[in-house]
There are 2 protein chains.
Amino acid sequence: MQTLSTENYLKAIYHASQSASGTVATTSIANKIGAKPSSVTDMFKKLSDQKLVKYEKYQGVSLTNEGVKTALRIVRKHRLWESFLVSHLNFNWDEVHQVAEQLEHIQSEKLTNELERFLDYPTHDPHGDPIPNRALFMKSYNKILLTELPLNKEGVCVGVKDNSSDFLRYLDRRQIGIGTPILVLHREDFDQSLHIQAGNSTLMITQKTAENIYIKP
Amino acid sequence: MQTLSTENYLKAIYHASQSASGTVATTSIANKIGAKPSSVTDMFKKLSDQKLVKYEKYQGVSLTNEGVKTALRIVRKHRLWESFLVSHLNFNWDEVHQVAEQLEHIQSEKLTNELERFLDYPTHDPHGDPIPNRALFMKSYNKILLTELPLNKEGVCVGVKDNSSDFLRYLDRRQIGIGTPILVLHREDFDQSLHIQAGNSTLMITQKTAENIYIKP
DNA sequence: AATATTTTTTAGACCAATCTAAATTTTATA
DNA sequence: TATAAAATTTAGATTGGTCTAAAAAATATT
Ligand SMILES: [Mn+2]
Ligand SMILES: [Mn+2]
Ligand SMILES: [Mn+2]
Ligand SMILES: [Mn+2]
């Protein structure tokens, strides 16, 4: 049985190992969790004792099979709850993270599975991230960053890289969301800013914005 | 901001002070929480420092106004979640307690209030207990124990005193639930057992059962 | 009222999770 | 490759929540 803290660490390690190859460094987890590196080292040892990570001094960690499973169970709950909050409780996609961060720790298989049924087996959460099913399997789109979408090639927004409230609310104001069709009309060589067609409106976005939007071509 | 542990203590003190008058004793909380009396004393001191209880050595505790409010906020969440689990997630009334015990600690006013709206402002939980509204006000029925219902006077089951799975499943088998009309046909002087009409069926119940069923006459 | 029993508190310890400060190892740079 | 910088670990302390064992107070019984 995991504690709230070990669960948060496992999830952080899982996410970190998705976006980088090789082992996960102490400081990267320290930053994600908001703890000091020395605390992270302590936790690495504990997780290693539980055989949830492989850890060698000064070499970072990687999740074991059991560690991945435990992490995915938490990710599953997190994304199901986020979906529920948006679809039934009038939460906006920028408001759900903090609450799901708590709800993901509720221990009840029946609750998780019934919630999934109630939501009609959603495959993606409000941010476009895939939801692991009961067998912890998930299928993600073959997605690219908006910066990589060729000119005049029709694509659809299927996710965001930056999940911060600031960014999500900015997208709301620009009327860009999951499912919005996107077309790149012009790419400015000077600063890599883009003129795009998003849904029915034409607008300009910066490179920084573009590299935080996932597109299914 | 309360911890999970202080919240559980406040709720336990609240419930204990409902069913007995005067202050709440150390051992009664120790039994409810499943902790040793010495741990309870420690917690009484902490809660007293936070001005959530009034505590005098060897004299037990009583909740302050602020303590009552904090307890009611948790009770509110507990009962709303229980209602949700039964009405939308196919939980039986004997399965909800353990999960609600966790969910009651989720901190998000928006979540609580939206859940209440989603459930259409329920006034009572699956066990017939009143749900405090946003202002923490609740109205309970004018209820009596089934042992006190006069012969041949029509009543309705509106709650249970014992919330254990064993008792609730026993009532399920007897087809007694919240809302079931009850009529006492005969009271056996020898052992205080009752012949009752519950819904459409006639059955016999022991005194022990009868004194755990609340009736609105 | 004296004594026995029960209840409650205190003292001292432990565990998980964190921290700071110092030591050690790895990595980068001159 | 020697040295400087950065990353990581160790040592030791702190906090919240718990425990056991012993002491103290309240309550019940003779
Ligand atoms: Mn979390
Ligand atoms: Mn998400
Ligand atoms: Mn609880
Ligand atoms: Mn209940």
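Labels below follow one simple rule: chain letters A, B, ... track the order of the sequence lines, proteins then strands, and each chain is numbered from 1. For clarity, every value in this text was computed on a predicted model and none was experimentally measured.
- Shown here are the side-chain contact (heavy atoms from CB on, under 4.5 Å) partners of A/Met138, two or more places apart in sequence or in another chain: A/Tyr14, A/Leu72, A/Arg79, A/Pro130, A/Pro132.
- If you take CD of A/Gln50 and P of C/dC15, they are 15 Å apart, rounded to a whole angstrom.
- Under the side-chain contact (heavy atoms from CB on, under 4.5 Å) criterion, A/Ser62 pairs with A/Lys54, sequence neighbours left out.
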Per-nt protein contacts along nucleotides 1-18 of chain D (heavy atom under 4.0 Å; B base, S backbone sugar-phosphate only, - none) come out as -------BBB-----SBB
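- Residues meeting the side-chain contact (heavy atoms from CB on, under 4.5 Å) test with A/Phe118, sequence neighbours left out: A/Phe84, A/His88, B/His88, B/Leu89, B/Phe118.
- With sequence neighbours excluded, the residues that form a side-chain contact (heavy atoms from CB on, under 4.5 Å) with B/Ser48 are B/Val53, B/Tyr55.
- Annotation: side chain to side chain donor-acceptor pair (under 3.5 Å) contacts of A/Arg187 (sequence neighbours excluded): none.
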